[in-house]
*Asks:* 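Once you've had a glance at the structure underneath, I'll fire off some questions.
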Amino acid sequence: MKNPEEIFELLKSEFGNTILGLEKETPTEPIITVDPMQINKVGLFLRNNNTLKFDSLMVLSGVDDANGTKIKDEDGTEMISGGTLSVYYHLHSTNLKHKITLKVSTPRETPQVESVYNVWRTSDWHEREAFDMFGIIFLNHPDLRRILMPYDWEAGYPLRKDYKNPEFYKGMKVPY
Amino acid sequence: MPLKTETMVLNMGPQHPSTHGVLRLELEIEGELILSVKPHIGYLHRCFEKHAEAMTYPQVIPYTDRLDYLAAMGNNFGYVIAVEKLLGIQIPERVEYIRVIMAELQRIASHLVAIATNGADIGALTPFLYLFRDREYILSLFEMTCGARMLYNYMWIGGLSHDIHPDFVRKTKEFINHFRPTIVELNNLLTFNKIFIERTANVGILPLDTAINFGASGPVLRGSGLSFDVRREDPYSIYNRFDFEIPTGKGLVGAVGDCWDRYYVRVLEMEQSLCIIEQAIDNIPEGDVKSAIPKRIKPPKGTVYARVENPRGELGYFIISDGNINPFRVKVRAPSFVNLEVMGELCKGHLVADVIAILGSLDIVLGEIDR
Amino acid sequence: MGLLDKEFSDGNIVIAKVDDLMNWARLSSIWQLGFGLACCAIEMMATSASHYDFDRFGVIPRNTPRQADAIIISGTVTLKMATRIKRLYEQMPDPKYIISMGSCANCGGPYWEHGYHVLKGIDRVIPVDVYVPGCPPRPEALLEGLLKLQEKIRNESLRKKIS
């Protein structure tokens, strides 16, 4: 079993600058920040290395950090421009029983992250959901399309903080 | 001259008697053999995560009930543990014991529905009626405690909403004595029934490394042979004080990891839940169930990921707090969402009727897949 | 049942109105389309199980809309599903009845405020006969909804239908 600082040192010695930092947040475990284009190689290393053996991805979640500038739109609602969208990965190992959290951040206007489809197959539907809800594009994902909303939903990405509801969808009134 | 053949696309649409809710399966078949299965979900997407960002922390609890509506106590349990970890408060012992008893009773009730619908899909309609009759005893225990039969809003942050009724301990012991013979009756009726074994043995075999790579959990993972249970790996609440076994699939009538193994793991788990309830019911300490509930729930800034063992698998809540009274982000890791991805792998090379048996053994609930 | 059980005292001749006879036949065997969407579906299954039997009222679940009289919409209706429900409603032959069960099907339920994908009430798409409130409604409440539907059928008239 390793603790997060040892895992951070091991990753830093292997990948150098692409491991951006270790944030210590109470009350939970520390979070390792990684560059979004290198997450695939980091994931393969974490899974295949014999001292780490992270063979299970527990959850992959997209987050709208809402840390850009807020500007007021014509009809009074707030839009956010700039800032980042993040993806959090929680991993654990069934043999060695340790856990770690990774985080990547991409700019809000062009969010692109490498997919980890070939490392852990669970990420297939999780990444499709992050794309559906936030608009984060996962490069090299074999089938990136909407999963929860209808396939022809045009009104944007619902879980962003500045999402506005459409008035009608196929003749049905959407708001109450 | 060779015959030109084409594959056919058959749609098991959202309205179907055996799909356990609104799930659409697109089957590509050649004759009766399945070439590929593509599930389409989203027909029950109720925007839970958007609601969680608009409500205060206690107001989210009724919405978590409605995620996996067959195991509502377990959903409450996971959310409440996550927020209590953020706040860092201590819970009274009485509350811990009652929470464990309720969660285990809920596990039995949920497995009863899973087994009943699994049998009803295959064609055995009698266990459906027998098991729903037994489930009514558990629901009347819950109704005596908190007033609701199915969606309780019972576990609050720091405590419970109501204390248990004075008759609860006696009636639970009566239920335990009544239920043990029912499991024997179920084994005689369904588990070792020759027709059921023909339908489910050697169907939908899930190898262990595929299961781990896909992230399966719960009876789906344990049916493939790995003894992995969140109550042992990552003990939460007071589960480390109780003595119980973790049943795994051993391939008694077919290969390890087939539909029958997953079904039998659920039957054995009901027996183990009875053991846990027996150990807990006599030792409930005295106390006040509402003494640790904070007046204002405003956790400090931070993130937390907490997981519990729901009847369907590992349910996880990932909560980000930014210091307000509303959560900043709540993400639910639903076990059925992850288990359903395995469906594409399991169905290759089987017949159309086997799809129903495999779907019944995976035991999905669309409320938590679509959230 | 109170219609005919006193009329057999005089041999085998019964005098009744055609309206009453047809309505009595229709309300005694309402075959429902098994259509469960969400949590209310479990309460509907519990109502048709042995404790609160549905079958004693003549209600059997049928699997295809072409053979069903009534549809019980139990659970939240989303925008993605609403187009399919409209198609199922159009596939049912006349006379057909709709029971809207649960708060979500009546008016959107607990998801009325921020649900961007929830249809706020099934009556925005199809016409509803009986609303059963509750979240989820108890099996007894669903049985009362069924009895109110039977009341409604009892008061129907062939003449109004044709004209």
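Convention: sequence-line order gives letters A, B, ...; per-chain numbering from 1. These figures come from a predicted structure and were not determined experimentally.
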*Asks:* Tyr43(B) versus chain C, heavy atoms under 4.5 Å apart: side chain, backbone, both or neither?
*Replies:*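 Both backbone and side chain.
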*Asks:* Who wins among Thr64(C), Ile85(C), Val118(C), Val77(C) for the most heavy-atom pairs under 4.5 Å with chain B?
*Replies:*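 Among the listed options, the one with the most contacts to chain B is Val118(C).
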*Asks:* Quick check on Leu79(C) against chain B: is it the side chain, the backbone, both or neither that has a heavy atom closer than 4.5 Å?
*Replies:*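 Contact with chain B is absent: no heavy atom of Leu79(C) under 4.5 Å.
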*Asks:* Side chain, backbone, both or neither: which part of His51(C) has an atom under 4.5 Å from a heavy atom of chain B?
*Replies:*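 Only the side chain of His51(C) comes within 4.5 Å of chain B.
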*Asks:* Contact part of Glu143(B) toward chain C, heavy-atom cut-off under 4.5 Å: side chain, backbone, both or neither?
*Replies:*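 Only the side chain of Glu143(B) comes within 4.5 Å of chain C.
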*Asks:* Write down the atom of Asp363(B), the atom of Arg266(B), and the distance for their closest heavy-atom approach.
*Replies:*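 Shortest heavy-atom separation between Asp363(B) and Arg266(B) comes out as CB-NH2, 3.3 Å.
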*Asks:* Give, as side chain, backbone, both or neither, the part of Leu139(B) having an atom under 4.5 angstrom from any heavy atom of chain C.
*Replies:*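 The answer is neither part of Leu139(B).
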*Asks:* For Glu144(C), I'd like to know if atom CD has over 12 heavy atoms of other residues, nucleotides or ligands within 6.0 Å.
*Replies:*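 Not more than 12 within 6.0 Å, no.
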*Asks:* With a 4.5 Å cut-off on heavy-atom pairs, point out which of Phe48(B), Tyr130(B), Tyr69(B) contacts chain C the most.
*Replies:*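 The option with the most such pairs is Tyr69(B).
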*Asks:* Quick check on Tyr116(C) against chain B: is it the side chain, the backbone, both or neither that has a heavy atom closer than 4.5 Å?
*Replies:*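 Answer is both: backbone and side chain atoms of Tyr116(C) are under 4.5 Å from chain B.
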*Asks:* Where does Pro61(C) contact chain B at under 4.5 Å (heavy atoms): side chain, backbone, both or neither?
*Replies:*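 Pro61(C) has no heavy atom closer than 4.5 Å to chain B.
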*Asks:* Examine whether an atom of Ala49(C) lies under 4.5 Å from a heavy atom of chain B, and if so say whether it belongs to the side chain, the backbone or both; otherwise answer neither.
*Replies:*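 Ala49(C) touches chain B through backbone and side-chain heavy atoms alike.
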*Asks:* Check each atom of Leu88(C) against the heavy atoms of chain B and say whether the ones under 4.5 Å are side chain, backbone, both or neither.
*Replies:*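 Contact with chain B involves the side chain of Leu88(C) alone.
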*Asks:* Could you tell me whether a side-chain N or O of Asn75(B) sits under 3.5 Å from a main-chain N or O of Thr64(B), the two making a donor and an acceptor?
*Replies:*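 Answer holds: yes.
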*Asks:* Give me each pair satisfying salt bridge (Lys or Arg N to Asp or Glu O under 4.0 Å) with a member in residues 112-136 of chain C, each pair once, sequence neighbours excluded.
*Replies:*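 Every salt bridge (Lys or Arg N to Asp or Glu O under 4.0 Å) pair that includes a residue of residues 112-136 of chain C, provided the two are not neighbours, is Asp129(C)-Lys152(C).
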*Asks:* Taking 4.0 angstrom as the limit, do Asp370(B) and Arg46(B) come out as a salt bridge?
*Replies:*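 Looking at Asp370(B) and Arg46(B), the cut-off is not met.
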*Asks:* Taking side chain as everything from C-beta outward and backbone as N, CA, C, O, which of these in Phe128(B) sits under 4.5 Å from a heavy atom of chain C? Side chain, backbone, both or neither.
*Replies:*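 The side chain, not the backbone.
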*Asks:* Is the ring pair Tyr63(B)/His51(B) parallel, tilted or perpendicular, if the boundaries are 30 and 60 degrees?
*Replies:*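 Geometry flag for His51(B) against Tyr63(B): parallel rings.
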*Asks:* Under 4.0 Å between a side-chain nitrogen and a carboxylate oxygen: does that hold for Arg154(C) and Glu151(C)?
*Replies:*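 Looking at Glu151(C) together with Arg154(C), the answer is yes, because their closest N to O distance falls below 4.0 Å.
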*Asks:* Answer yes or no: is there an ion pair linking Glu90(C) with Arg87(C), defined by an N-O contact shorter than 4.0 Å?
*Replies:*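 Judged by the 4.0 Å cut-off on N to carboxylate O distance, Glu90(C) and Arg87(C) do not form a salt bridge.
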*Asks:* Yes or no on ring-ring contact (aromatic ring centres under 6.0 Å, His included) for His178(B) and Tyr137(B), after CA distance, side-chain angles and deciding distance?
*Replies:* CA-CA 10 Å; His178(B) 165 86; Tyr137(B) 289 114; 4.6 Å; yes
*Asks:* Could you list all the salt bridge (Lys or Arg N to Asp or Glu O under 4.0 Å) pairs where at least one residue sits in residues 42-59 of chain C, not counting sequence neighbours?
*Replies:*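 Listed by first then second residue: Arg149(B)-Glu43(C).
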*Asks:* Using a 4.5 angstrom heavy-atom cutoff, name the option from Arg66(B), Met55(B), Glu53(B) with the most pairs to chain C.
*Replies:*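 Highest number of pairs under 4.5 Å: Arg66(B).
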*Asks:* So which of Pro65(C), Cys135(C), Ala41(C) has the biggest tally of heavy-atom pairs under 4.5 Å with chain B?
*Replies:*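 If we count pairs closer than 4.5 Å to chain B, Cys135(C) comes out on top.
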*Asks:* Between Gly109(C), Pro110(C), Cys104(C), which residue shows the highest count of heavy-atom pairs closer than 4.5 Å to chain B?
*Replies:*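 Winner by heavy-atom pair count: Pro110(C).
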